[in-house]
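See structure below.
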Amino acid sequence: QVQLVESGGGLVQPGGSLRLSCAASGSIFTIVGWYRQAPGKQRELVATVARGGNTYYGESVKGRFTISRDNAKNTIYLQMNSLKPEDTAVYYCNIVPPVIWGQGTLVTVSS
């Protein structure tokens with residue numbers, strides 16, 4: 001069974017940048033994604049990346065976030081630029097489709 005551990009969250013000012021990392025171990029996976037959940041809101045899909053490199057982005061982050069994966073290191077990244085307060089959420093990485101959720105990493109965008 002795959003295990004995914006998110007890291008890289010923190011406090012940034014609007015317009016700032018963060019890079020999230022997701023270290024994966026366990027069973028082999030082909031598609032992984034980043035999700036996020038803000039207080040009082042439902043969890044939403046942010047981006048996905050397949051083993052071959054094909055990507056998908058949610059409309060709200062398109063042009064600002066970049067998902068990538070290092071297959072040799074079994075690590076998935078989310079580069080987040082031009083951050084907005086509405087990006088504040090707990091960010092989770094997961095296989096696609098998701099089955100088990102981890103703890104996530106908190107991103108807070110505030111002045």
Side-chain angles (χ1 to χ4, degrees):
Q1 185 177 357
V2 67
Q3 181 179 350
L4 306 112
V5 181
E6 305 93 342
S7 63
L11 174 64
V12 297
Q13 74 278 15
S17 298
L18 281 176
R19 188 182 73 163
L20 306 184
S21 299
C22 175
S25 63
S27 60
I28 301 298
F29 56 89
T30 60
I31 304 175
V32 69
W34 285 95
Y35 300 76
R36 67 184 183 186
Q37 186 167 29
K41 297 183 179 180
Q42 293 184 342
R43 187 181 291 109
E44 66 175 326
L45 178 64
V46 176
T48 67
V49 59
R51 170 166 281 273
N54 290 340
T55 58
Y56 161 86
Y57 295 95
E59 194 66 30
S60 64
V61 306
K62 197 173 299 181
R64 300 188 296 120
F65 292 7
T66 302
I67 189 172
S68 62
R69 63 190 291 171
D70 186 329
N71 293 323
K73 296 180 179 179
N74 251 14
T75 302
I76 303 93
Y77 304 97
L78 185 68
Q79 179 66 45
M80 309 161 63
N81 299 326
S82 302
L83 283 162
K84 305 175 180 180
E86 49 263 45
D87 295 317
T88 296
V90 176
Y91 285 72
Y92 305 86
C93 64
N94 215 326
I95 60 173
V96 179
V99 177
I100 301 174
W101 296 98
Q103 194 166 355
T105 185
L106 176 62
V107 173
T108 302
V109 185
S110 176
S111 60

note = When rounded to the nearest 0.5 Å, the distance separating SG of C22 from CD of E6 is 5.5 Å
request  = Find out whether Y77 and D70 are in side-chain contact, i.e. whether some heavy atom of one side chain is under 4.5 Å from a heavy atom of the other.
outcome  = yes
inquiry  = Using every non-hydrogen atom in the two residues, find where A24 and L4 come nearest and quote the distance to one decimal.
reply    = CB-CD2, 4.1 Å
ask   = What are the two closest non-hydrogen atoms of R69 and T30, and how far apart are they?
value = NH1-O, 2.9 Å
I31 reachable from Y35 in the ILVMFWY side-chain graph, under 4.5 Å edges = yes
message = More than 12 heavy atoms of other residues, nucleotides or ligands under 6.0 Å from NZ of K41: yes or no?
response = no
Contacts table for residues 91-108: side-chain donor-acceptor under 3.5 angstrom, sequence neighbours left out:
| unit_1 | atom_1 | unit_2 | atom_2 | d |
| --- | --- | --- | --- | --- |
| Y91 | OH | R36 | NH1 | 2.9 |
| Y91 | OH | D87 | O | 2.6 |
| N94 | ND2 | I100 | O | 2.8 |
| T105 | OG1 | G9 | N | 3.0 |

request  = Could you walk me through whether V12 and S17 pass the side-chain contact (heavy atoms from CB on, under 4.5 Å) test, one step at a time?
outcome  = CA-CA 7 Å; V12 297; S17 298; over 6 Å; no
ask   = Residues in side chain to side chain contact (heavy atoms under 4.5 Å, CB included) with S7, at least two apart?
value = S21
key: Separation between CZ of F65 and CG of L20, rounded to the nearest 0.5 Å   = 8.0 Å
ask   = Which heavy-atom pair separates Y57 from I67 by the least distance, and what is that distance?
value = OH-N, 2.9 Å
remark   = Smallest heavy-atom separation, L83 atom then M80 atom, equals CD2-CE, 3.5 Å
message = Would E44 and S60 count as a side-chain contact (heavy atoms from CB on, under 4.5 Å) here? Give the steps.
response = CA-CA 10 Å; E44 66 175 326; S60 64; 4.3 Å; yes
ask   = Linking I/L/V/M/F/W/Y whenever their side-chain heavy atoms sit closer than 4.5 Å, directly or via other members, would W34 and L18 fall into one cluster?
value = yes
